[in-house]
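Input: a single structure, listed below in structure tokens.
As the structure is a prediction and not an experimental result, all values here were calculated from the model. Note: hydrogens, waters and symmetry copies are ignored here, and every other heavy atom, side chains too, is used. Throughout, residue positions are numbered sequentially from 1 according to the sequence presented.
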Amino acid sequence: MIEFYRKAILIFFGLLCLTMVLAIACLNGIFVHDALQPASDSAVLWRLGTATDTGKGGTSSVTVNDAESILDYDYVLTKRVEYPYVIATLYFLGLENAALGADLSAYSTATFRVKCTPHNVLSFYLHSFDQTATEPGNFSSYRLTETLFACHEGWSNIEIDLKHLTVPAWWLEKFKLEASDQTYRLDKVGGLSIGASQQGPVDISANVKIEKLALRGRDWRYAWAFAGWFVLAWLGFMYWLFRQYTKSLVADVKDKLQKDRPLIAHQQLSTEPQRDQEKTALLRFIATEYADPDLSLEKTTTTLGINRIKINGILKEELGLTFTAYLNKLRLTEAARLLSENDKANVAEIAFSVGYNNVTYFNKLFRDEYGCSPTKFKEICKRSTSYPDTDF
């Protein structure tokens with residue numbers, strides 16, 4: 001059994017370490033994080049573009065100060081037209097064919113830090129390919145979805161839920177689509193934009209700074225793969241543990257029975273009668289009377305006329321056991337023999353037959369000797385026929 005426990009512990013800790021390594025690897029795979037800034041290291045290639053209402057008769061203006069490490073621009077929004085606008089757009093490259101676009105379906109949020117002077121309210125836009133409305137070379141025909149966010153004079157962290165944006169009514173009306181059509185796709189995205197809102201400063205110069213723009217998401221395939229591996233690996237380990245434990249226990253019991261066979265009552269004990277009459281008489285007496293529940297050291301002393309010290313000395317020399325230890329071992333070995341030879345044997349009857357009036361006490365001694373209860377011992381002996389060649 002010691003070899004089994006050693007092997008089981010090694011496999012357990014090996015499997016535990018492997019589980020922890022795979023768990024960390026899967027966690028890294030589940031939580032997707034791809035930066036868009038700086039532009040040179042972006043996970044999605046893009047170029048910056050700006051647009052104002054000047055083409056529609058407006059006088060709004062925008063000046064880009066930095067578009068590499070951070071997005072930094074100044075703008076002035078004027079109310080010279082009904083719907084004035086200033087927009088800074090990250091155009092995803094490869095859009096010569098309108099059916100193309102960046103696949104952002106693995107992401108659920110866009111995160112960034114923003115600072116505005118003065119306090120501002122800005123719009124976040126996502127432009128996605130629309131099977132009905134999008135025309136080749138016409139970026140404005142990409143389906144527009146939006147949400148608003150506040151921008152303060154100190155840096156603040158913003159998180160945009162890419163899966164719950166709103167398609168503005170004016171865009172749906174422009175392309176004669178139903179007002180309830182709020183669907184959009186993330187697998188073909190033409191770009192992301194930041195737009196000035198009329199809820200922000202008007203007719204005065206404003207500054208916007210955006211940094212650490214990134215896309216985040218969760219790829220649950222890693223979680224399902226890890227869960228499947230975890231269940232299979234640990235169920236397999238538990239199955240192996242049960243099988244190997246049973247085999248080891250069977251082998252251990254068979255080995256113990258073999259080693260204790262010289263003590264079994266119905267076999268001849270190893271003695272030398274000519275050399276030591278007292279030893280012969282003592283061992284024969286115990287072998288004959290072990291089933292007597294009243295057998296004790298005092299009764300043996302009285303019957304044989306050998307003093308207590310000499311009895312224990314003989315047993316120590318012959319077997320390395322005291323009188324009580326030898327008597328219990330003899331009784332338990334005989335009980336084990338009876339249990340192994342008859343899987344239908346009654347435990348209480350066997351306990352009484354080998355000299356125990358208290359079944360509970362017998363069960364305790366038997367468990368201490370063989371590592372399992374008498375009932376379990378019967379089951380193991382019955383199973384031993386299924387593992388005749390167990391080798392550890």
Donor on one side chain, acceptor on other, [X] and [Y], under 3.5 Å:
{"X": "Asn207", "Y": "Thr117", "answer": "no"}
{"X": "Thr19", "Y": "Trp234", "answer": "yes"}
{"X": "Asp34", "Y": "Tyr107", "answer": "yes"}
{"X": "Arg216", "Y": "Thr109", "answer": "no"}
{"X": "Thr324", "Y": "Thr322", "answer": "no"}
{"X": "Thr59", "Y": "Thr78", "answer": "yes"}
{"X": "Tyr326", "Y": "Asn312", "answer": "no"}
{"X": "Thr89", "Y": "Ser193", "answer": "yes"}

Do [X] and [Y] have side chains that get closer than 4.5 Å, going by heavy atoms?
{"X": "Trp171", "Y": "Leu177", "answer": "yes"}
{"X": "Gln198", "Y": "Lys79", "answer": "yes"}
{"X": "Ile210", "Y": "Ile194", "answer": "yes"}
{"X": "Leu165", "Y": "Ile160", "answer": "yes"}
{"X": "Leu321", "Y": "Lys329", "answer": "yes"}
{"X": "Leu126", "Y": "Leu162", "answer": "yes"}
{"X": "Leu315", "Y": "Leu282", "answer": "yes"}
{"X": "Leu192", "Y": "Phe124", "answer": "yes"}

What distance do [X] atom [atom1] and [Y] atom [atom2] have between them, rounded to the nearest 0.5 Å?
{"X": "Leu327", "Y": "Leu297", "atom1": "CG", "atom2": "CG", "result": "10.0 Å"}
{"X": "Leu295", "Y": "Thr303", "atom1": "CG", "atom2": "OG1", "result": "8.5 Å"}
{"X": "Ile286", "Y": "Ile311", "atom1": "CD1", "atom2": "CD1", "result": "7.5 Å"}
{"X": "Thr183", "Y": "Glu178", "atom1": "OG1", "atom2": "CD", "result": "10.0 Å"}
{"X": "Phe92", "Y": "Ser42", "atom1": "CZ", "atom2": "OG", "result": "7.5 Å"}
{"X": "Phe366", "Y": "Cys372", "atom1": "CZ", "atom2": "SG", "result": "6.0 Å"}

Quick one: do [X] and [Y] make a salt bridge, cutoff under 4.0 Å?
{"X": "Arg143", "Y": "Asp181", "result": "yes"}
{"X": "Arg337", "Y": "Glu341", "result": "yes"}
{"X": "Lys115", "Y": "Glu153", "result": "no"}
{"X": "Arg308", "Y": "Glu298", "result": "yes"}
{"X": "Lys299", "Y": "Asp292", "result": "yes"}

Run Ser60 and Asp53 through side chain to side chain donor-acceptor pair (under 3.5 Å) and show every step you take. CA-CA 6 Å; Ser60 299; Asp53 54 29; 2.9 Å; yes

Test the Arg185-Phe129 pair against the cation-pi criterion, namely NZ or CZ under 6.0 angstrom from the six-membered ring centroid and within 45° of the ring axis.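 Relative to the ring axis of Phe129, which defines the angle, Arg185 lies outside at least one limit.
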
What is the minimum heavy-atom distance between Leu332 and Leu365, and which atoms define it? CD1-O, 3.7 Å

Measure across Pro293 and Arg331 and return the closest heavy-atom pair with its distance rounded to 0.1 Å.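 That closest heavy-atom pairing would be CA-NH2, 4.1 Å.
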
Is the ring centre of Phe149 less than 6.0 Å from the ring centre of Phe112? yes

Does a sphere of radius 6.0 Å around OH in Tyr85 hold more than 12 heavy atoms from other residues, nucleotides or ligands, not counting ones at 6.0 Å or beyond?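 Count over threshold, so yes.
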
In chain order, what residues pass the side-chain hydrogen bond (donor to acceptor under 3.5 Å, both in side chains) check against Glu211, with sequence neighbours excluded?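 Expected list: Arg113.
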
Steps toward side chain to side chain donor-acceptor pair (under 3.5 Å) verdict (Tyr290, Asn328): CA-CA 9 Å; Tyr290 74 92; Asn328 280 327; over 6 Å; no

In terms of relative ring orientation, are His127 and Phe139 parallel, tilted or perpendicular, with 30° and 60° separating the classes?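 Correct class here is tilted.
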
